[in-house]
Amino acid sequence: MIRIGICDNNKEHFKKLTDFLNKISEEEGYQLSIKEYKSGDALLFAWEDAYAREELLCLDTELANPDGIEIAKKIREMGAEQEIIFFSADKDRAIEAFDVDAFHYIIKFTTPESRVQDIFTKAFAKIESLTSEVLTVSCAGDSRNIPIDQIKYFQVDLRIITVYYGDSEQFEFYSTIGKIENALNSRGFIRIHRGILVNKYQIKRVVTGEITLLDGTVLPVGRNYQKQVKEELEGEQKWTRGKS
């Protein structure tokens, strides 16, 4: 799962880019989670938490106070090494992108769509090669090294934890849901039920009382966890009120 943050205060531009990225996702087989930042200040506030940072930022250089270049300079000052792609109608600012080690600088209305797709595909490939953390679990002499970004969710029955991952794989081991939550909460895993821990980047949609994962799996959201789940996913285009 590749997390992308888009900072653009133009709703039309944001939707167009989001649709384009989803198109690449479908064609190339990448799983994406897209978050909207409506201002540079909102992005910088969120990025104070190092574990909340997306792997790729798309910044508009024409934002006001701060603009995209200024945002990039500030996040580099934080020590963040995530990839940055700029969008701009101003060719003259491209040289400033080198100062913040940007992955690319795309000229609006000029760079061909095929070229933009190639840029993002290369960025995604680079990110995936750098984010290959694994979780090692074992039981009865059998062990698995599971890429964390492939884990969909954990479910507990007494002290037996079942981890669901990959296309349709699962593995049982002994632990507690609390221990797993403590180990992975900084990696985007959230508790949705007393006995269920979910990778939020695998969530497609949330409605009152349940979530739907990218693979179509439907899981219940416990009454005591509904507020927490909503707050965690606000701004990630996944929350839907009511039943659907």
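Two residues are said to be in side-chain contact when any heavy atoms from C-beta on lie closer than 4.5 Å; I160 and Y174 meet this criterion. Counting heavy atoms from C-beta on, the side chains of I4 and E54 never come closer than 4.5 Å. Side-chain contact between F154 and L135 is present, with heavy atoms from C-beta onward closer than 4.5 Å. Looking at heavy atoms from C-beta onward, L17 lies in side-chain contact with F87 at the 4.5 angstrom threshold.
Under a 3.5 Å cut-off, the side chain of S25 and the backbone N or O of Y30 do form a donor-acceptor pair. Looking at E70, its side chain does come within 3.5 Å of a backbone N or O of D67 through a donor-acceptor pair. Not a single donor-acceptor pair under 3.5 Å links the side chain of Q155 to the backbone N or O of I196.
Legend: residues meeting side chain to side chain donor-acceptor pair (under 3.5 Å) with N182, ordered by chain and number and at least two apart, are absent. By the side chain to side chain contact (heavy atoms under 4.5 Å, CB included) test, T61 is found to be paired with I69, F86, S88, R93, Y105, residues two or more places apart in sequence or in another chain being considered. Every residue meeting the side chain to side chain donor-acceptor pair (under 3.5 Å) condition with Q31, not counting sequence neighbours, appears here in chain and number order: Q202. Applying the side chain to side chain donor-acceptor pair (under 3.5 Å) rule to T136 yields the partners N145; only residues at least two apart in sequence or on another chain are considered. Partners of D99 under the side chain to side chain donor-acceptor pair (under 3.5 Å) rule, at least two apart in sequence or in another chain, do not exist in this structure. Not counting sequence neighbours, the partners of D8 by the side chain to side chain contact (heavy atoms under 4.5 Å, CB included) test are I6, N10, H13, D60. Scanning for salt bridge (charged side-chain N to carboxylate O under 4.0 Å, His left out) contacts around K38 gives an empty result, with sequence neighbours left out. Evaluation of the side chain to side chain contact (heavy atoms under 4.5 Å, CB included) rule for D118 yields R115, K122 as partners, not counting sequence neighbours. Scored by the side chain to side chain contact (heavy atoms under 4.5 Å, CB included) test, E27 finds K23, Q117 as partners (sequence neighbours excluded).
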Between E28 and F124, does the side-chain contact (heavy atoms from CB on, under 4.5 Å) criterion hold? Intermediate values first, please. CA-CA 10 Å; E28 304 288 342; F124 295 162; over 6 Å; no
Any chance you could lay out the side-chain contact (heavy atoms from CB on, under 4.5 Å) test for C58 and F120, step after step, and finish with the verdict? CA-CA 10 Å; C58 299; F120 274 104; 3.7 Å; yes
Chi angles and distances behind the side-chain contact (heavy atoms from CB on, under 4.5 Å) call for Y153, H193: CA-CA 11 Å; Y153 66 102; H193 191 277; over 6 Å; no
Before giving the answer on side-chain contact (heavy atoms from CB on, under 4.5 Å), spell out for I203 and L213 the whole-Å C-alpha distance, their side-chain angles and the decisive distance to 0.1 Å. CA-CA 4 Å; I203 297 174; L213 303 185; 4.0 Å; yes
Result block: side-chain N/O donor-acceptor pairs under 3.5 angstrom for residues 163-172, not counting sequence neighbours:
| from | atom 1 | to | atom 2 | distance (Å) |
| --- | --- | --- | --- | --- |
| Y165 | OH | R144 | NH1 | 3.0 |

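Closest non-hydrogen pair, L197 versus I180, comes out as CD2-CG2, 3.6 Å. A pairwise comparison of heavy atoms in G40 and C7 identifies N-SG, 3.7 Å as the closest pair.
Within a 6.0 Å radius of CD in E181, more than 12 heavy atoms belonging to other residues, nucleotides or ligands are found. Summarising the local packing, CZ of F20 is surrounded by more than 12 heavy atoms from other residues, nucleotides or ligands at distances under 6.0 Å. Atom NZ of K108 sits in a crowded spot, with more than 12 heavy atoms from other residues, nucleotides or ligands closer than 6.0 Å.
With side-chain heavy atoms closer than 4.5 Å counting as contact, directly or through intermediates, L158 stands alone and belongs to no larger hydrophobic cluster.
The salt bridge (charged side-chain N to carboxylate O under 4.0 Å, His left out) analysis of residues 151-160, with sequence neighbours excluded, yields the pairs K152-D215.
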